[in-house]
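If you're wondering where the values come from, they're calculated on a predicted model, not measured in any experiment.
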Amino acid sequence: ESDTGEVPEKTAEELFRHACNLEHAARAFIKLKTGGFGALYPDVVLVGERRNDTTVLPSYPFAGTSGRYLFNALDLVGVTSYKIHVTNAIKDDNSPMRREEIIFLRGERTKFVALGEVADYTLTKLDEPHSRAPHPQFRWRFHHHQLAEYGRQIYDAAFSEARYTP
């Protein structure tokens with residue numbers, strides 16, 4: 001795709017599965033108790049805010065336009081989807097993310113990235129070291145033409161050694 005911010009007519013899940021190696025997908029991708037999706041043993045956990053209640057979308061994180069924008073940006077910078085897990089800070093029943101979920105997802109090298117203020121607040125409250133990046137909905141609304149730059153921002157947040165420690 002181009003860096004023009006044009007989003008193809010694919011769902012976030014289609015883009016996610018397209019970006020990963022299907023052999024790995026068959027073994028490693030499952031819908032977890034977290035309400036999210038992605039790798040069972042992720043290198044990076046992207047934490048969004050909450051499901052968009054104004055639309056009739058599937059009940060998984062980043063199912064709409066912001067998800068397409070996020071996964072297109074990750075694709076542009078070569079982030080392999082079979083190494084990430086995506087979840088939300090606020091669950092479908094309006095309950096916050098719990099410590100057990102973080103423990104379940106955290107591996108030896110797992111890094112958490114808060115996408116937006118709600119995710120940042122939640123991870124800080126849970127005392128989980130993390131990086132910060134803008135929520136893709138904000139980027140889509142105000143900077144949609146800077147898709148590759150957003151991909152680099154997420155990449156840097158996910159793979160740099162700098163961590164915000166509450």
Side-chain angles (χ1 to χ4, degrees), residues 1-22 24-25 29 34-39 42-91 97 102 105 109-125 128-166:
E1 270 83 47
S2 69
D3 195 18
T4 62
E6 294 177 8
V7 180
E9 292 302 317
K10 292 183 180 179
T11 67
E13 187 175 38
E14 286 173 332
L15 288 168
F16 185 80
R17 293 190 184 286
H18 168 73
C20 71
N21 178 317
L22 293 178
H24 286 30
F29 284 84
T34 64
F37 63 93
D43 289 343
V44 176
V45 176
L46 300 176
V47 181
E49 296 190 350
R50 66 175 66 230
R51 182 172 166 245
N52 183 347
D53 290 331
T54 62
T55 60
V56 184
L57 293 173
S59 182
Y60 58 85
F62 300 107
T65 305
S66 63
R68 288 194 304 268
Y69 189 77
L70 171 65
F71 293 117
N72 277 329
L74 292 173
D75 191 44
L76 278 175
V77 296
V79 173
T80 54
S81 298
Y82 65 87
K83 293 188 176 205
I84 64 172
H85 186 85
V86 183
T87 191
N88 279 332
I90 306 297
K91 305 305 169 191
M97 180 182 229
I102 289 174
L105 289 170
R109 301 174 322 201
T110 304
K111 297 175 184 174
F112 286 77
V113 178
L115 301 178
E117 293 177 12
V118 172
D120 182 40
Y121 173 81
T122 302
L123 289 172
T124 300
K125 190 173 175 183
E128 183 61 33
H130 61 281
S131 297
R132 303 171 180 159
H135 190 279
Q137 187 64 34
F138 170 80
R139 292 296 302 217
W140 170 249
R141 286 182 183 164
F142 303 108
H143 305 282
H144 64 273
H145 60 285
Q146 299 171 341
L147 186 63
E149 180 183 313
Y150 184 56
R152 285 188 295 277
Q153 210 172 7
I154 298 291
Y155 184 90
D156 290 346
F159 297 106
S160 73
E161 291 304 315
R163 292 280 161 261
Y164 169 72
T165 304

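In this structure, the side chains of His130 and Thr124 come closer than 4.5 Å at one or more pairs of heavy atoms. The shortest side-chain heavy-atom distance between Asp43 and Arg109 falls under the 4.5 Å cut-off. Here the side chains of Val86 and Phe71 are in contact, with some heavy-atom distance below 4.5 Å. With a 4.5 Å cut-off on side-chain heavy atoms, Ile102 and Leu123 count as touching. Residues Ile154 and Leu74 meet the side-chain proximity criterion, which asks for heavy atoms closer than 4.5 Å.
Met97 CE to Thr122 OG1: the interatomic distance, rounded to the nearest 0.5 Å, is 8.0 Å. Once rounded to the nearest 0.5 Å, the distance linking OH of Tyr121 with CD1 of Ile90 reads 9.5 Å. Atom CG of Asp120 is separated from atom CD of Glu49 by 9.5 Å, given to the nearest 0.5 angstrom. Leu46 CG to Asn88 CG: the interatomic distance, rounded to the nearest 0.5 Å, is 11.0 Å. Taken to the nearest 0.5 Å, the OG1 atom of Thr87 stands 11.0 Å off from the CG atom of Leu115.
Considering every non-hydrogen atom in both Val113 and Ala133, the closest pair reads CG1-CB, 4.2 Å. Of all heavy-atom pairs spanning Ala119 and Ala114, the tightest one is C-CB, 3.7 Å.
A donor-acceptor pair is defined here as one N or O able to donate and one able to accept, closer than 3.5 Å; no such pair exists between the side chain of Ser66 and the backbone of Pro136. In this structure, Ser131 contributes its side chain and Ala157 its backbone to a donor-acceptor pair below 3.5 Å.
Ring geometry for His135 against Phe62 counts as tilted: the plane angle lies between 30° and 60°, on a 0 to 90° scale.
Checked against side chain to side chain contact (heavy atoms under 4.5 Å, CB included), Ala73 has the following partners two or more places apart in sequence or in another chain: Leu147, Tyr150.
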